[in-house]
Amino acid sequence: MTGSALATLGLALCAGLCGFGSSLGLYYTGSAAAGVLAEEPKKFSKMLVLVVLPATQGIYGFVFAIIGMSGITPDMTTLEGARLFGAAMALAISGCLSGILQGKTAVAGIYAVAKNESLSGKLILFPAMVETYAILGLVVSILLM
């Protein structure tokens, strides 16, 4: 496998896995919010941030893939391609897992807001803490690149 093919594979996996994690997280939050809003539509604005939080991992993967493509050259060595592949995997793994887990954490917040609307601002903190690991993965990936 050529270096450029290896690097391209890593970037594609990064964007794909981060997008997958975000999509699954958004599926969880959207489904939970839809159930709550069917009963109490006035709580839409209180739930909106909790619903969209898992989308950020997909954005991180997309942005890193775009940035990483600028480093791919046709004459890349296999070692250079492996380096970019490894850099992409730091974000791919952390982004995928944190997107899924952030969605599950946000669902708990959505159900809590359904019971007590005044908690909405405080409950953003819990899924935001899960986001920290996607951000750390992004930083490590950028530094390794």
Under 4.5 Å between any side-chain heavy atoms of F20 and I100, yes or no?
-> yes
Side-chain donor or acceptor of K43 paired with backbone N/O of V36 under 3.5 Å | no
According to a 4.5 Å side-chain heavy-atom criterion applied to Ile, Leu, Val, Met, Phe, Trp and Tyr, with indirect links allowed, do M76 and I67 form part of one hydrophobic cluster?
-> yes
Nearest non-hydrogen partners of G103 and P54, listed with the distance = CA-CG, 3.7 Å
Under 3.5 Å donor-acceptor, T29 side chain and L26 backbone | yes
Answer yes or no: is there a side-chain heavy-atom contact under 4.5 Å between T105 and Q102?
-> no
Rounded to the nearest 0.5 Å, what separation is found between the CE atom of M47 and the CD atom of E40?
-> 7.0 Å
The reported gap from CD1 in I59 to CD in Q57 (rounded to nearest 0.5 angstrom) is 9.0 Å
Would you call R83-E80 a salt bridge at under 4.0 Å N-O?
-> no
What's the shortest heavy-atom distance between P127 and L53, and which atoms?
-> CG-CD1, 3.7 Å
Atom of C18, atom of A92 and distance for their closest heavy-atom approach = SG-CA, 4.2 Å
Given the rule that I, L, V, M, F, W and Y join up when any side-chain heavy atoms are under 4.5 Å apart, are V63 and L17 in one cluster?
-> no
Out of V140, L138, V139, which one pairs with I142 under the side-chain contact (heavy atoms from CB on, under 4.5 Å) rule?
-> L138
Atom pair CG (L91) and OH (Y60), whose distance is rounded to the nearest 0.5 Å | 9.5 Å
Kindly work out whether a path of hydrophobic side-chain contacts (I/L/V/M/F/W/Y, heavy atoms less than 4.5 Å apart) joins I135 to F62.
-> yes
Does the side chain of V51 reach to within under 4.5 Å of the side chain of I110, using non-hydrogen atoms?
-> yes
Donor-acceptor pairs are to be reported for all side-chain atoms of residues 6-14 against protein atoms at under 3.5 Å, with residues two or more places apart or in another chain.
from: T8; atom 1: OG1; to: S4; atom 2: O; distance (Å): 2.7

In terms of hydrophobic clusters joined by side-chain contacts under 4.5 Å, are F64 and L144 together?
-> no
Note, M1 side chain near T78 side chain (heavy atom, < 4.5 Å) = no
Between T56 and E131, do the side chains contain an N or O donor and an N or O acceptor separated by less than 3.5 Å?
-> yes
Measure from the side-chain N and O atoms of S22 to the backbone N and O of G19, and report whether any donor-acceptor pair falls under 3.5 Å.
-> no
Beyond-backbone contact of L50 with V113, side-chain heavy atoms, under 4.5 angstrom | yes
Are L101 and M129 joined in one hydrophobic group, where the rule is that I, L, V, M, F, W and Y side chains link up if heavy atoms are under 4.5 Å apart?
-> no
